[in-house]
Enquirer: 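Pasting a structure below so you can have a look.
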Amino acid sequence: MALLEIFDPKAPPKPIGIDLGTTNSLVAFVQNERPQAIADCDQDFLVPSVVNYGPKGEVLVGRLAVARAALEPRDTIVSVKRFMGRGANDAETRRLGPYEFVPAKAGESNVVRFRVRGRELTPVEVSADILRALKRRAEDELTNIGGVVITVPAYFDDAQRQATKDAGRLAGLDVLRLLNEPTAAALAYGLEKKKNGLFCVYDLGGGTFDVTILLLEDGVFQVKSTGGDSALGGDDMDRLVAEEVLNVRGGSPTEIRAALDMARQMKHGLTDASEVVVEDTRLTRERFDALIQPLLDRTGIACRRALKDAGIKPEQLDGVILVGGSTRVPAVRAYVQKVFGKEPLADIDPEQVVAMGAAVQADLLAGDAQDDVLLLDVLPLSLGIEVGGGIVDKILPRNTTIPTGARATYTTQEDKQTGFEIHVVQGERELVQDCRSLARFTLKGIPPMAAGMAKLEVELKVDADGLLAVHAKELVTGIEQTVEVKPSYGLDDEAVEKMLLDALDHGEEDLLARRIAEERVEAHRIVAATKKALDTDAALLGDGERPKIEAAIRAAEDAAQGTEPHRMHSAIEALDLASKEFATRRMNRAIARAFEGRKVDDVATEVG
């Protein structure tokens with residue numbers, strides 16, 4: 001006899017995790033300290049991320065919407081995640097689907113709007129409909145649900161993250177956190193309990209491919225690098241097999257939909273079999289592997305680039321995690337093992353692993369978990385440092401999930417500079433004067449070097465309690481210093497909201513002020529460098545060259561006194577053009593001196 005679970009009305013609401021995917025979405029929760037995805041009555045865990053809007057106002061989500069897509073393509077929104085945070089006028093937007101877009105009116109926000117059945121719908125509203133369907137599924141299973149953690153790609157920018165959060169709220173969900181998908185996959189495997197390590201998340205879904213290198217340092221996940229291909233996935237495998245089917249059967253291109261259905265059946269069948277036969281058409285795994293090899297090679301390029309960007313080698317990885325339904329293909333798993341030199345982690349269903357990780361995070365935030373892993377809060381405002389011209393260089397953007405960390409590298413603008421004054425600020429405005437000062441300190445003791453030779457690395461780390469640690473290191477000498485500040489101290493919700501509203505109200509003028517400052521700094525830099533070159537290498541000047549360069553210098557200095565960024569930029573370009581031949585002669589002489597008296601073989605060995 002089957003055991004029935006009895007609902008306890010006094011039980012606390014159950015937190016849930018949602019993987020809001022491009023192709024499919026899932027919802028999961030933690031039961032008895034183990035995450036599990038929630039299935040429908042047909043035991044199907046996946047909800048296709050497809051929404052159909054009917055003529056009588058009905059909204060269909062999932063497989064019912066997929067069934068309508070072929071007949072009502074303009075009234076059925078597919079892969080809405082690709083539109084999140086995009087502008088209506090973005091060149092890429094109109095290539096993402098056969099939809100009727102509503103042009104933005106004067107004074108309106110430049111958000112994407114679909115015209116469907118006489119209604120205007122934003123990607124946020126469409127995503128909210130998917131989330132409502134997932135919420136209903138969770139309520140059917142758990143009755144009383146609590147807060148939710150929604151996953152987003154690691155590369156999502158602030159606009160895309162905010163749009164996702166808005167969709168959750170519109171769906172009536174209490175959004176506890178947005179969680180990066182690679183981090184969610186790592187949480188599902190319990191990798192945060194290792195405390196330290198380097199991991200790669202290889203995510204090959206139906207329509208997109210993403211690869212992320214994660215650094216786990218003292219229980220804090222940090223994205224070291226990301227890469228991928230937004231037009232590469234299991235759907236491309238299906239098309240290649242469908243073309244093969246049409247070639248074998250002698251079908252016409254108009255039969256492509258039927259061929260695609262056969263291709264999916266074959267692909268799924270070849271996961272466990274060495275050959276399959278569908279409607280008298282035979283396909284071996286060997287032939288299938290040969291067909292998809294070019295696609296695998298494309299993922300390999302992105303993987304190697306991500307490793308290079310992270311500055312690591314494959315053998316330094318502690319594990320490779322597979323995410324996405326397409327990683328079930330044996331050839332994919334074999335290829336991943338070949339690229340990274342280790343067998344990937346595939347114990348958890350690759351289509352469920354992200355949702356499960358989100359459920360683990362939701363359970364942590366709700367206080368139900370038994371371990372002491374801390375992944376709390378987000379940055380209310382961006383954190384950055386002051387650079388030349390009083391400009392803010394944002395290192396950690398607002399809404400970044402904490403604990404987190406990031407670093408940036410800078411250099412000197414003046415000769416013989418023996419110290420760096422580091423000014424840490426918080427806020428969304430472009431200029432330091434409009435942001436909140438958090439800390440100032442000076443890194444001293446740097447030996448005098450030519451401008452541009454010193455390399456300062458500034459690292460910002462925010463721990464689970466909101467404490468900011470600023471670490472500055474001059475890379476040539478190794479001199480370093482660390483200070484700690486409390487970034488959100490003294491700021492209540494009202495103050496944060498005011499700073500955000502100020503940033504929105506002054507957005508255009510702030511961007512103009514930033515550009516003026518950047519062009520002015522660049523003008524002063526190139527003028528100073530050119531003057532120095534004229535003094536030290538006057539012998540390399542050609543006939544009549546000095547007057548032209550000096551005239552261009554005066555024009556650049558004059559432009560830098562004004563407030564017209566276009567004029568400054570043009571003056572900088574004119575000075576660069578006037579001194580180009582002079583600069584080339586200086587470079588050639590420097591190269592000749594560097595290699596003087598050295599053997600070609602020795603130089604080739606160093607370079608190669």
Enquirer: Looking only at heavy atoms, what is the nearest atom pair of I572 and A523, with distance?
Expert: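 Smallest heavy-atom distance, with atoms named: CD1-N, 3.6 Å.
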
Enquirer: Looking at G357 and L179, what are the two nearest heavy atoms and their distance?
Expert: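 In terms of heavy atoms, the two residues are closest at O-CD2, 4.1 Å.
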
Enquirer: Applying side-chain contact (heavy atoms from CB on, under 4.5 Å) between D537 and each of R589, R585, K532, report the one that passes.
Expert: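 Among the candidates, only R589 passes.
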
Enquirer: Taking NZ, NE, NH1 and NH2 as the nitrogens, is one of them in R525 or E522 under 4.0 Å from a carboxylate oxygen of the other?
Expert: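 Salt bridge flag = yes for E522 with R525.
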
Enquirer: Name the orientation class of the two ring planes belonging to F83 and F101 (parallel below 30°, tilted from 30 to 60°, perpendicular beyond 60°).
Expert: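 The rings of F83 and F101 sit tilted, inter-plane angle from 30° to 60°.
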
Enquirer: For atom CD of E343, decide whether the heavy atoms of other residues, nucleotides or ligands shown that lie under 6.0 angstrom number more than 12.
Expert: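 Incorrect, the count does not exceed 12.
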
Enquirer: If you measure only the distance, is there a donor-acceptor pair under 3.5 Å linking the side chains of D289 and Q293?
Expert: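 No - no donor-acceptor pair under 3.5 Å links their side chains.
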
Enquirer: What are the two closest heavy atoms between V201 and A185, and how far apart are they?
Expert: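 Where V201 meets A185 most closely, the heavy atoms are CG1-CB, 4.4 Å.
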
Enquirer: Where is the tightest heavy-atom contact between P350 and L322, given as atom of each residue plus distance?
Expert: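 Heavy-atom minimum between the residues: CB-O, 3.9 Å.
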
Enquirer: Atom NE2 in H524, atom CD in E557: separation rounded to 0.5 Å?
Expert: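 Here the rounded value is 8.5 Å.
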
Enquirer: Knowing that exactly one of E480, K473, E474 qualifies, which makes a side chain to side chain donor-acceptor pair (under 3.5 Å) with T477?
Expert: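 Among the candidates, only E474 passes.
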
Enquirer: Count the heavy atoms of every other residue, nucleotide or ligand shown that sit under 6.0 Å from NZ of K548, and state whether that count exceeds 12.
Expert: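 Incorrect, the count does not exceed 12.
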
Enquirer: Take I549 and I553 through the test side chain to side chain contact (heavy atoms under 4.5 Å, CB included) and record every step on the way to the result.
Expert: CA-CA 6 Å; I549 295 175; I553 288 174; 4.1 Å; yes

Enquirer: Please confirm whether the backbone N or O of A560 pairs with a side-chain atom of R520, one donor and one acceptor, at under 3.5 Å?
Expert: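 Checking the backbone N and O of A560 against the side chain of R520, a donor-acceptor pair under 3.5 Å is found.
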
Enquirer: Walk me through it: do L534 and E550 pass the test side chain to side chain contact (heavy atoms under 4.5 Å, CB included)?
Expert: CA-CA 9 Å; L534 289 177; E550 289 179 339; 4.2 Å; yes

Enquirer: Using the side chain to side chain contact (heavy atoms under 4.5 Å, CB included) rule, take M237 and L204 through it: C-alpha gap first, then chi angles, then the decisive distance, then the call.
Expert: CA-CA 11 Å; M237 297 181 187; L204 185 61; 3.8 Å; yes

Enquirer: Can you check whether G205's main-chain N or O pairs, donor with acceptor, with S326's side chain at less than 3.5 Å?
Expert: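 It does hold such a pair.
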
Enquirer: Which one of V339, V323, T299 satisfies the side-chain contact (heavy atoms from CB on, under 4.5 Å) criterion with Y202?
Expert: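 Answer after filtering V339, V323, T299: T299.
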
Enquirer: Identify the two heavy atoms, one from L240 and one from I292, that lie closest to each other, and give their separation to 0.1 Å.
Expert: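 Heavy-atom minimum between the residues: CD1-CA, 4.3 Å.
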
Enquirer: Keeping D318 on the side-chain end and L198 on the backbone end, is there a donor-acceptor pair under 3.5 Å?
Expert: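 Checked: pair present.
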
Enquirer: Mark yes or no for whether S225, through its side chain, and A306, through its backbone, hold a donor-acceptor pair below 3.5 Å.
Expert: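 Looks like yes, one N/O pair under 3.5 Å.
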
Enquirer: Kindly give the heavy-atom pair with the smallest separation between A184 and T151, and that separation in Å.
Expert: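 What the structure gives for the nearest pair is CB-CG2, 3.9 Å.
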
